[in-house]
**Q** 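Structure below; questions to follow.
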Amino acid sequence: MTSRPARTPTTRPRRSPARPHETPPPPAPTSTSTSAQRRDARATRARILDAARRELTRDPDSSLEDIAAAAGVARRTVYVHFAGRAALVECLAAEAAEAIRRAVAGAPAPTPDAVADLARFVLMMWPVGDRYRTLIRLARGQDLARARVDELLTPARDMATRVFAHGRRQGVFQTTVPPDPLARAIEAQLLALLDCVDRGLCPDDGTGAATAALIAAGVAPDTAAAKVDHVRKTGSPPSPRLKPVPAPPSHSHMSAPNSLPPEALWRRADVPPPPRARP
């Protein structure tokens, strides 16, 4: 009987244990998506700052909830961009100060014509007037010290004071008010006129405000209107010499040749216009 050869045992490969279903890792962000996210973040931050400027100008005690609601974002979104209210206010103040600094730095050199220089100054500051007003309003609240606001506004105020001092030496600003108080008074007037524009009382591109500033400094109304018109068109003073304005009689009203309505001319902070006489 023939014996069969012994079978060689076959080694079967061992099956690896079943692995749970693995989720593929998310794709790495591309440069395009990262750029879009950064743009969105910058846009959101700018929207928050714009809302903060409006709300704090309206009410210096506006809360972060008020600002977030005005910006159309959640309160926690504000904290993504700013550590808190103090950081938001300081950033707003720095932005306003930088806008004013750029405007002052871009101003032309003084000329022999102080009246034209004052008209240019007002027309130059008018586009950044909302920033200027924001700093003034913040000084009334508890978030920004008045000394800090005065420091930020010093470049613009110094320039205005130099123009008024020059005009008084020339004799073209017929007023006995010293240059520094006169600059502050006309500053308040311009901010009041800006409030009137925002309230819809009068449209103005700065022409009416510049004319009103010249008249307040003592320039004859006709001369003031002609000077502002010429500066806006050419940026240079007209050739005719200035006419000194005669002192108005007491209790009289000068007719200013500008487009500002009576409500705008009378508007001051927290002071209503006088009642109109009934027919």
Side-chain angles (χ1 to χ4, degrees), residues 53 56-58 60 92-108 110 114-141 144-168 172-199 201-202 204-219 224 227-228 231-232 256 258 260 263-271 273:
R53 186 183 308 112
L56 292 173
T57 298
R58 178 185 60 82
L92 199 63
E95 182 206 46
E98 177 60 18
I100 294 170
R101 187 199 65 77
R102 286 198 302 266
V104 172
V115 176
D117 287 347
L118 178 56
R120 289 191 196 93
F121 175 78
V122 175
L123 294 172
M124 171 191 71
M125 295 302 299
W126 190 252
V128 296
D130 58 336
R131 267 72 168 177
Y132 205 108
R133 180 179 52 182
T134 297
L135 289 174
I136 298 293
R137 296 288 173 82
L138 287 176
R140 299 178 186 174
L144 208 60
R146 184 173 293 276
R148 171 70 171 147
V149 173
D150 289 340
E151 175 190 352
L152 297 175
L153 293 178
T154 292
R157 286 174 171 172
D158 284 352
M159 175 176 283
T161 300
R162 287 194 297 271
V163 172
F164 287 122
H166 184 201
R168 285 195 66 187
V172 295
F173 293 156
Q174 301 294 315
T175 176
T176 58
V177 181
D180 188 61
L182 180 61
R184 295 298 185 94
I186 293 183
E187 172 187 283
Q189 178 190 41
L190 295 177
L191 295 175
L193 293 176
L194 186 61
D195 277 335
C196 290
V197 172
D198 289 346
R199 295 167 189 244
L201 293 176
C202 63
D204 189 19
D205 60 355
T207 301
T211 305
L214 295 183
I215 295 172
V219 178
K227 181 72 70 171
V228 172
V231 167
R232 180 169 283 286
N258 58 37
L260 299 175
E263 292 85 353
L265 293 175
W266 276 94
R267 178 74 63 180
R268 294 294 184 273
D270 304 324
V271 178

**Q** Nearest 0.5 Å, please: how far is CE in Met159 from OG1 in Thr161?
**A**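 Those atoms lie 11.0 Å apart.
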**Q** Decide yes or no on salt bridge (charged side-chain N to carboxylate O under 4.0 Å, His left out) for Asp130 and Arg137, but give the supporting numbers first.
**A** CA-CA 10 Å; Asp130 58 336; Arg137 296 288 173 82; over 6 Å; no
**Q** Would you call Arg162 and Asp117 a salt bridge, taking side-chain N to carboxylate O under 4.0 Å as the test?
**A** no
**Q** Identify the heavy atoms of Ala216 and Leu182 that sit nearest to each other, and give their distance.
**A** O-CD1, 4.4 Å
**Q** Test Asp204 against Leu193 for side-chain contact (heavy atoms from CB on, under 4.5 Å), laying out the working first.
**A** CA-CA 9 Å; Asp204 189 19; Leu193 293 176; 5.7 Å; no
**Q** Testing the basics here: between Ala209 and Trp126, what is the closest heavy-atom pair and its distance to 0.1 Å?
**A**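 Closest approach of Ala209 to Trp126, heavy atoms only: CB-CZ3, 3.5 Å.
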**Q** Give a yes or no on whether Arg146 atom CZ has more than 12 heavy-atom contacts from other residues, nucleotides or ligands under 6.0 Å away.
**A** no
**Q** Identify the two heavy atoms, one from Val231 and one from Ala116, that lie closest to each other, and give their separation to 0.1 Å.
**A**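 Taking every non-hydrogen atom into account, CG2-CB, 4.0 Å.
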**Q** Are Ile100 and Met125 packed together at the side-chain level, in the sense that at least one heavy-atom pair is separated by less than 4.5 angstrom?
**A**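 Ile100 vs Met125: side chains touch.
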**Q** Starting at CG of Leu153, measure out to CZ of Arg101 and round the result to the nearest 0.5 Å.
**A** 14.5 Å
**Q** Roughly how far, to the nearest 0.5 Å, is NE2 of His166 from CG of Leu118?
**A**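 Result: 12.0 Å between the selected atoms.
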**Q** Looking at Glu98 and Arg131, is any side-chain nitrogen of the basic one under 4.0 Å from a carboxylate oxygen of the acidic one?
**A**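 Salt bridge: no.
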**Q** Which atom names give the shortest non-hydrogen contact between Ala213 and Leu190, and what distance separates them?
**A** CB-CD2, 4.3 Å
**Q** Any idea which heavy atoms bring Ala217 and Thr175 closest together, and the distance?
**A**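 Closest approach of Ala217 to Thr175: O-CG2, 3.6 Å.
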**Q** Which atom pair, heavy atoms only, marks the closest approach of Ala97 to Leu135?
**A**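 Shortest heavy-atom contact: N-CD1, 4.3 Å.
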**Q** Rounded to the nearest 0.5 Å, how far apart are OH of Tyr132 and CG of Leu191?
**A**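 Taking OH in Tyr132 and CG in Leu191, the distance rounds to 7.0 Å.
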**Q** How far apart are the C-alpha atoms of Val177 and Phe164, what are their side-chain angles, what is the distance that settles it, and do they pass the side-chain contact (heavy atoms from CB on, under 4.5 Å) test?
**A** CA-CA 10 Å; Val177 181; Phe164 287 122; over 6 Å; no
**Q** Using a strict 4.0 Å threshold on nitrogen-to-oxygen distance, state whether Arg157 and Asp180 make a salt bridge.
**A** no
**Q** side-chain contact (heavy atoms from CB on, under 4.5 Å) between Val172 and Val219: does it pass, once the steps are laid out?
**A** CA-CA 7 Å; Val172 295; Val219 178; 5.6 Å; no
**Q** Between Arg133 and Asp198, is there a salt bridge with N-O shorter than 4.0 Å?
**A** yes
**Q** Give the C-alpha distance, both sets of side-chain angles, the deciding distance and a yes or no for side-chain contact (heavy atoms from CB on, under 4.5 Å) between Leu138 and Thr134.
**A** CA-CA 6 Å; Leu138 287 176; Thr134 297; 4.0 Å; yes
**Q** Nearest 0.5 Å please: distance from the OG1 atom of Thr207 over to the CZ atom of Arg232.
**A** 3.5 Å
**Q** Would you give the length of the straight line joining atom CD1 of Ile136 to atom CG of Leu194, rounded to the nearest 0.5 angstrom?
**A**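 If I round to the nearest 0.5 Å, the distance is 11.5 Å.
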**Q** Determine whether Arg120 and Leu123 make a side-chain contact, defined as any pair of heavy atoms from C-beta on separated by less than 4.5 Å.
**A**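 No, side chains not in contact.
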